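These notes are about the structure you will find just below.
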Amino acid sequence: MSSLAFPCRSSPLTPASTSATPPVPTSPCIKIRRSRRIAHRHLHRLAASTRTSSRTVAMAATAAAVPVISPKENLPPILSSTSEPPPLFDGTTRLYVAYHCPYAQRAWIAGNYKGLQDKIKIVAIDLADRPAWYKEKVYPGNKVPSLEHNNQVKGESLDLVKYIDSNFEGPALLPDDSEKKQFADELLVYTDEFSKAAYSSITSKGDVSEETVAALDKIEAALGKFTDGPFFLGQFSLVDIAYVPFIERFQIFFSGIKNYDITKGRPNLQKFIEEVNKIDAYTQTKLDPQFLLEQTKKRLGIE
């Protein structure tokens with residue numbers, strides 16, 4: 001699924017250049033959960049967890065350091081037009097991302113949550129200075145994310161989340177309940193509309209629009225449909241993965257640009273944000289909020 005609001009290329013909400021290298025996500029030294037048994041146990045304990053959310057690193061001063069998520073997971077440097085390609089189609093499964101891209105973040109979270117850090121290799125692409133080989137040899141769409149698996153390359157973020165869920169071991173990202181599955185389909189269809197409704201107020205000079213307020217209120221109502229957990233389907237699922245990269249950014253941007261708290265009067269959204277920040281698979285992919293805000297202000301011409 002593509003979106004007009006958040007294309008993973010030059011966009012106010014997806015910094016185009018890595019000349020100001022984004023501070024790469026980090027987390028405390030936490031053992032990565034890989035087995036199905038442990039992952040399911042974590043799901044049941046999530047609502048009662050009091051573990052504080054991971055903190056993101058301060059904005060990097062230079063581009064030389066290899067980014068690190070945690071002592072358990074080292075990430076590669078960002079590849080630009082002068083970078084050599086990895087040994088393509090050698091049997092290695094690769095997820096091509098840009099560290100600042102919310103669409104790529106979806107697939108990254110999905111792989112993390114299923115415990116695939118050792119089975120899916122992250123390859124970071126500089127969207128402002130893309131390697132020619134990426135379009136020519138990997139993904140003709142020349143966007144991220146894309147997944148190299150079984151000598152094929154697939155794209156589109158929501159399709160990749162579903163593909164990762166269906167083709168790799170780990171906890172399922174959709175429940176068996178038919179009502180929840182139907183609601184999941186409805187919410188996934190709404191993702192682009194939600195993003196565009198919120199994005200329109202970020203780029204406008206006026207106050208937060210009625211369209212944006214209505215979109216946020218719809219998310220609030222959706223989060224209250226099921227009472228067996230704080231997430232869209234009660235328990236954490238691919239629907240949360242679809243929305244959280246954008247909710248993360250909108251909370252930062254509306255506060256920093258519009259002086260508007262998206263959680264005010266929306267307790268379900270507030271609880272969702274609190275609880276999702278207890279999930280390592282997500283927090284390991286987060287960038288420094290100040291970096292995202294400063295880059296967005298710069299691209300919008302806001303001092």
Side-chain angles (χ1 to χ4, degrees), residues 1-19 21-22 24-25 63 67 75-114 116-117 119-168 173 185 188-196 199 238 241-243 245-246 249 285 287 295 299:
M1 179 184 297
S2 63
S3 169
L4 298 176
F6 282 91
C8 275
R9 48 184 180 269
S10 180
S11 161
L13 303 186
T14 55
S17 175
T18 56
S19 57
T21 303
V24 178
L75 293 179
I78 298 169
L79 303 184
S80 67
S81 61
T82 60
S83 304
E84 293 295 320
L88 303 172
F89 304 107
D90 62 346
T92 302
T93 300
R94 297 181 177 89
L95 178 63
Y96 295 87
V97 305
Y99 292 133
H100 61 265
C101 174
Y103 294 103
Q105 190 178 2
R106 287 171 166 173
W108 191 2
I109 295 168
N112 282 357
Y113 194 76
K114 292 180 77 72
L116 302 173
Q117 288 90 339
K119 296 185 177 180
I120 298 180
K121 182 176 181 180
I122 298 294
V123 180
I125 299 296
D126 185 342
L127 297 183
D129 188 22
R130 290 172 171 85
W133 51 260
Y134 181 64
K135 180 179 181 180
E136 295 169 358
K137 299 180 179 180
V138 179
Y139 189 48
N142 206 26
K143 298 185 295 183
V144 293
S146 68
L147 183 72
E148 177 189 339
H149 182 235
N150 288 341
N151 292 318
Q152 295 182 330
V153 178
K154 303 179 183 296
E156 301 300 333
S157 63
L158 292 182
D159 291 342
L160 287 186
V161 171
K162 294 175 183 178
Y163 181 86
I164 290 170
D165 190 31
S166 299
N167 289 272
F168 293 88
L173 295 177
D185 289 339
L188 293 177
V189 169
Y190 181 64
T191 54
D192 276 1
E193 184 178 343
F194 167 70
S195 296
K196 287 184 281 187
Y199 178 89
L238 63 80
I241 292 173
Y243 278 92
F246 300 90
R249 286 160 175 77
T285 68
L287 290 180
Q295 289 296 301
R299 294 192 60 77

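Please read all numbers here as calculations on a predicted model, not as lab measurements.
Sorted by first and then second residue, the pairs that involve residues 133-159 and meet ring pair (Phe, Tyr, Trp, His ring centres under 6.0 Å), not counting sequence neighbours, are Y96-Y134, H149-Y163, H149-F168.
Between W108 and I120 the shortest side-chain heavy-atom distance does not fall below 4.5 Å. Between L238 and L188 there is a side-chain heavy-atom pair separated by less than 4.5 Å. Two residues are said to be in side-chain contact when any heavy atoms from C-beta on lie closer than 4.5 Å; R106 and P245 meet this criterion. L88 places a side-chain heavy atom less than 4.5 Å from the side chain of E148.
One finds the CD1 atom of I109 at 4.0 Å from the OG1 atom of T285 (value rounded to the nearest 0.5 Å). Atom CG of L147 is separated from atom CG of N167 by 9.0 Å, given to the nearest 0.5 angstrom. How far CD of Q117 is from CD1 of I122: 9.0 Å, rounded to the nearest 0.5 Å. Once rounded to the nearest 0.5 Å, the distance linking CG of L173 with OH of Y113 reads 7.5 Å. Interatomic distance, T93 OG1 to N151 CG, rounded to the nearest 0.5 Å: 9.5 Å. Taken from CG in L95 to CG in L160, the straight-line distance is 7.0 Å, to the nearest 0.5 Å.
Between S80 and P131 the shortest heavy-atom distance is O-CG, 3.2 Å. Among all heavy-atom pairs drawn from V97 and A104, the shortest one is CB-CB, 3.7 Å. Annotation for T191 and A242: closest pair CG2-CB, 4.1 Å, computed over non-hydrogen atoms. The nearest pair of heavy atoms linking Q105 to R249 is OE1-NH1, 2.9 Å. The heavy-atom pair separating S146 from V138 by the smallest distance is OG-CG1, 4.3 Å.
Partner of Y99 under the side-chain contact (heavy atoms from CB on, under 4.5 Å) criterion, out of I78, I125, V144, D126: I78 alone.
With sequence neighbours left out, K119 forms a salt bridge (Lys or Arg N to Asp or Glu O under 4.0 Å) with E169. When the side-chain hydrogen bond (donor to acceptor under 3.5 Å, both in side chains) test is applied to D90, the partners found at least two apart in sequence or on another chain are T92, R94.
Using modelled atom types, one side-chain atom of R130 and one backbone atom of N142 make a donor-acceptor pair closer than 3.5 Å.
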**Request:** Could you walk me through whether Y243 and F194 pass the ring pair (Phe, Tyr, Trp, His ring centres under 6.0 Å) test, one step at a time?
**Result:** CA-CA 9 Å; Y243 278 92; F194 167 70; 5.7 Å; yes

